[in-house]
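As the structure is a prediction and not an experimental result, all values here were calculated from the model. Order of the sequence lines fixes the chain letters, A, B, ..., with proteins taken first and strands second; residue numbering starts at 1 for each chain.
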Amino acid sequence: MNYWLMKSEPDVFSYDDLVKKGREHWDGVRNYTARNNLRAMKKGDLAFFYHSNTDKAVIGIIEIVKEAYQDPTTNEEQWVCVDVAPKEKLKHPVYLIDIKANPKLAEMKLVKLGRLSVMDITKKEFDEIMRMSRKS
DNA sequence: GCCAACGTTGGC
DNA sequence: GCCAACGTTGGC
């Protein structure tokens with residue numbers, strides 16, 4: 001079981017949009033590091049859904065329901081996508097500013113590699129963000 | 001293979 | 001809207 005964090009601009013595709021759809025392709029990734037992470041995902045892995053730009057917060061948990069396959073939005077063979085489904089919306093969003101302020105999360109790629117859109121996180125980081133989401 | 005120029009992302 | 005960070009491209 002691996003843990004991930006995936007970014008989306010909520011104006012383009014939000015967690016609530018995913019809930020409405022029930023399941024969606026996570027396509028359009030055109031970055032090699034992010035692509036490698038997509039390829040490493042296993043069915044059943046969990047990922048945080050992060051809203052960039054307007055919210056800058058982790059909103060919910062999603063589950064990988066289909067492993068990497070050719071991205072249908074391009075003919076270039078090197079790009080892949082996965083399918084995801086909503087798992088659970090966090091009780092409270094966990095904001096980037098609070099993640100940055102938490103020393104336990106200082107090593108997160110979210111903080112260190114600001115532009116990476118699909119990243120791996122540790123179970124400790126996953127658990128810590130879950131803990132933060134339970135209090136307002 | 002180096003590196004400057006350029007484009008994109010995303011926080012502020 | 002600006003700009004820093006950084007990945008990618010292309011000339012040499």
Atom [atom1] of [X] to atom [atom2] of [N]: distance rounded to whole Å?
{"X": "A:R30", "N": "C:dT9", "atom1": "CZ", "atom2": "P", "value": "12 Å"}
{"X": "A:L116", "N": "C:dT8", "atom1": "CG", "atom2": "C1'", "value": "15 Å"}
{"X": "A:Q78", "N": "C:dT8", "atom1": "CD", "atom2": "C1'", "value": "13 Å"}
{"X": "A:K109", "N": "B:dG10", "atom1": "NZ", "atom2": "C1'", "value": "18 Å"}
{"X": "A:K112", "N": "B:dG10", "atom1": "NZ", "atom2": "C1'", "value": "19 Å"}
{"X": "A:N36", "N": "C:dT8", "atom1": "CG", "atom2": "P", "value": "10 Å"}
{"X": "A:Y32", "N": "C:dG7", "atom1": "OH", "atom2": "P", "value": "14 Å"}
{"X": "A:I99", "N": "B:dG10", "atom1": "CD1", "atom2": "P", "value": "14 Å"}

Legend entry - A:K109 and its side-chain hydrogen bond (donor to acceptor under 3.5 Å, both in side chains) partner, picked from A:T33, A:D120, A:N37: A:D120
Legend entry - With A:D71, the side-chain hydrogen bond (donor to acceptor under 3.5 Å, both in side chains) member among A:Q78, A:R30, A:R35: A:R30
Inset, instruction - Please state whether the phosphate of B:dG10, meaning OP1 or OP2, lies under 4.0 angstrom from any side-chain nitrogen or oxygen of A:K56. - result: no
Which nucleotide in the list [options] gets nearest to the side chain of [X]?
{"X": "A:L113", "options": "B:dC12, C:dT8, C:dG7", "result": "C:dG7"}
{"X": "A:K100", "options": "B:dG10, B:dC12, B:dT8", "result": "B:dC12"}
{"X": "A:R115", "options": "B:dC12, C:dT8, C:dA5", "result": "C:dA5"}

Inset, instruction - Indicate, with a heavy-atom threshold strictly under 4.0 Å, whether A:Y50 touches base, sugar-phosphate, or nothing. - result: sugar-phosphate
Inset, instruction - Quick one: sort the A:F13 and A:W26 rings into parallel, tilted or perpendicular, breaks at 30° and 60°. - result: perpendicular
Inset, instruction - Report the relative orientation of the aromatic rings in A:F126 and A:Y3; use parallel for angles under 30°, tilted for 30 to 60°, perpendicular for over 60°. - result: tilted
